[in-house]
> 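Following this message is one structure expressed as structure tokens.
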2 protein chains.
Amino acid sequence: MKQPCALHPHPHSHAHRLIQPPLNELTEQLRRRDRKITAPRQAILEVLRRHQHPLTNREIHAALGESECDLATVYRNLNTLEQMGMVRRFDFGDGTARFELLAEGDDGHHHHLVCTRCSTVVEVDGCFSTEVEARLARTHGFTQITHRLEFFGLCPKCAAGA
Amino acid sequence: MKQPCALHPHPHSHAHRLIQPPLNELTEQLRRRDRKITAPRQAILEVLRRHQHPLTNREIHAALGESECDLATVYRNLNTLEQMGMVRRFDFGDGTARFELLAEGDDGHHHHLVCTRCSTVVEVDGCFSTEVEARLARTHGFTQITHRLEFFGLCPKCAAGA
DNA sequence: CGCCTTGTTGCAAATGAATTGCAAACTGTG
DNA sequence: CACAGTTTGCAATTCATTTGCAACAAGGCG
């Protein structure tokens, strides 16, 4: 059930889609899988909903403010939220995982363009998935093929101010 | 100076290109940048030359056998070798870097198909680079765009034996 | 509405990859 | 062959992430 995406077609891409799944729906999700709706959990989802960037565990923890909870708890929750498919994990290769809230039904398949200097992140929508993956499956006999793709570069601001 | 690669075109891909840059040429490279030709260095290159898989620091260290050297030395050397462009670093997202020897002039740009169970690695040649990168540059004003792309799946053996 | 089972949290300690300080050992050059 | 600049071994350190465990809170049930 991949998106009908294709990296080539659209010569444009918006920076961010709307991510606004009411907290209710989110807690709804939790309830469904007999997970408990705890304060840290809600606070974390709240933070993710506010920031539409991929955030690190540390950043999320820092953004909790009032509803502070242990950093380990943040780690644990992001792992379970990922398993539940409510959050997507990204790896920009700097040794720290980042997470983004997923809208329901969204498999979160998109990629990023990351500034190598300031870490600004731009969402890149569209991807060449299925076609190539199918070819790889045929050629090498692999199944359940997925991929990880991120772009890196120097953003306009950084290119200018240096 | 990218390869004229394109992920779509060729409906096939060979598992491994020939990697046989004589050790002489390698030490030659070292000499050129006034790097010293030390025993650990040679041993490490030797190991990389023997195995055509991306290897972790640990694996390389283990494969040294006779010419054992400190693990820290392996780390340090792979870093310098990478900077020198003699080796390419890969990140399969499992939190451990892997390295592959590069042939001279080869920018090492290719991707991998990694089995999520046994970590078997297949080289995937060809990639859709320039075209898309150029579009991203145009659209977002980024420069010096590069990308990281890896495929994951279940290899035939693992699919069968489980 | 309290009880009880089960998932959760906080805290501290443990892992594991990767890096670093430092003194000793080595390489290549003059 | 001696010297200057690298590199090495070793031990200690950093940093992200995980885990053991006891105290604790959420929600179903009677």
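When reading the values below, keep in mind they use all heavy atoms of this one structure, side chains included, and skip hydrogens, waters and symmetry mates. Just so we're on the same page: letters track the sequence lines, and every chain starts at 1.
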> Would A:E123 and A:H53 count as having a side-chain donor-acceptor pair, cut-off 3.5 Å?
no
> How do B:K36 and B:T96 order along DNA chain C: which one's closest nucleotide is nearer the 5' end?
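The residue whose closest nucleotide sits nearer the 5' end is B:T96.
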> Report the C-alpha distance between A:E150 and B:R148 in whole Å, list the side-chain angles of each, state the deciding distance to 0.1 Å, and finish with yes or no for salt bridge (charged side-chain N to carboxylate O under 4.0 Å, His left out).
CA-CA 5 Å; A:E150 306 298 346; B:R148 179 206 307 300; over 6 Å; no
> Reckon B:N57 has a side-chain N or O less than 4.0 Å from the OP1 or OP2 of C:dA18?
yes
> Would you say that B:H111 contacts B:H147 through its side chain, given a criterion of any heavy-atom pair below 4.5 Å between the two side chains?
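B:H111 reaches B:H147 side chain to side chain.
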> Could you state the atom-to-atom distance from OH of A:Y75 to P of C:dA12 in whole Å?
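Distance check: A:Y75 OH to C:dA12 P gives 17 Å.
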> In whole angstroms, how far is the P atom of D:dA25 from the CD atom of A:Q42?
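Interatomic distance, CD of A:Q42 to P of D:dA25: 15 Å.
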> Taking the side chain of B:A97 as its heavy atoms from C-beta onward, which of C:dA18, D:dT8, C:dT9 lies nearest to it?
C:dA18
> Just how far, in rounded Å, is C1' of D:dG9 from CG of B:L64?
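To the nearest whole Å, that distance equals 14 Å.
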> A:D94 CG to D:dC15 C1': how many Å, rounded?
12 Å
> Which part of the nucleic acid, if any, lies within reach of A:R76 when heavy atoms closer than 4.0 Å are counted: base, sugar-phosphate only, or nothing?
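Counting heavy atoms under 4.0 Å across all strands, the contact made by A:R76 includes a base.
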> Let me know the distance between CG of A:L81 and P of C:dT9, rounded to the nearest Å.
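That distance rounds to 10 Å.
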> To the nearest Å, how far apart are A:H61 NE2 and D:dT18 P?
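Nearest whole value for this atom pair: 15 Å.
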> For D:dT6 and B:R35 - does any side-chain N or O of the residue sit under 4.0 Å from the phosphate oxygens OP1/OP2?
no
> Just say parallel, tilted or perpendicular for the rings of B:F90 and B:F92, cut-offs at 30° and 60°.
tilted
> Rounded to whole angstrom units, what separation is found between the CG atom of A:D70 and the C1' atom of C:dA12?
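In whole Å, C:dA12 C1' and A:D70 CG are 10 Å from each other.
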> Let me see the working for A:E46 and A:R50 under salt bridge (charged side-chain N to carboxylate O under 4.0 Å, His left out), right down to the final yes or no.
CA-CA 6 Å; A:E46 187 54 42; A:R50 266 204 300 281; 3.7 Å; yes
> Please state how far atom CG in A:N77 lies from atom P in C:dG10, giving the value in whole angstrom units.
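Between P of C:dG10 and CG of A:N77: 9 Å.
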> Look at all strands and tell whether A:A39 reaches a base, only sugar-phosphate, or nothing, counting heavy atoms closer than 4.0 Å.
nothing
> Check whether any side-chain N or O of A:N79 sits under 4.0 Å from OP1 or OP2 of D:dT18, and answer yes or no.
yes
> Relative to the 5' end of DNA chain C, which residue comes earlier, B:T38 or B:A72, by the nucleotide with the nearest heavy atom?
B:A72
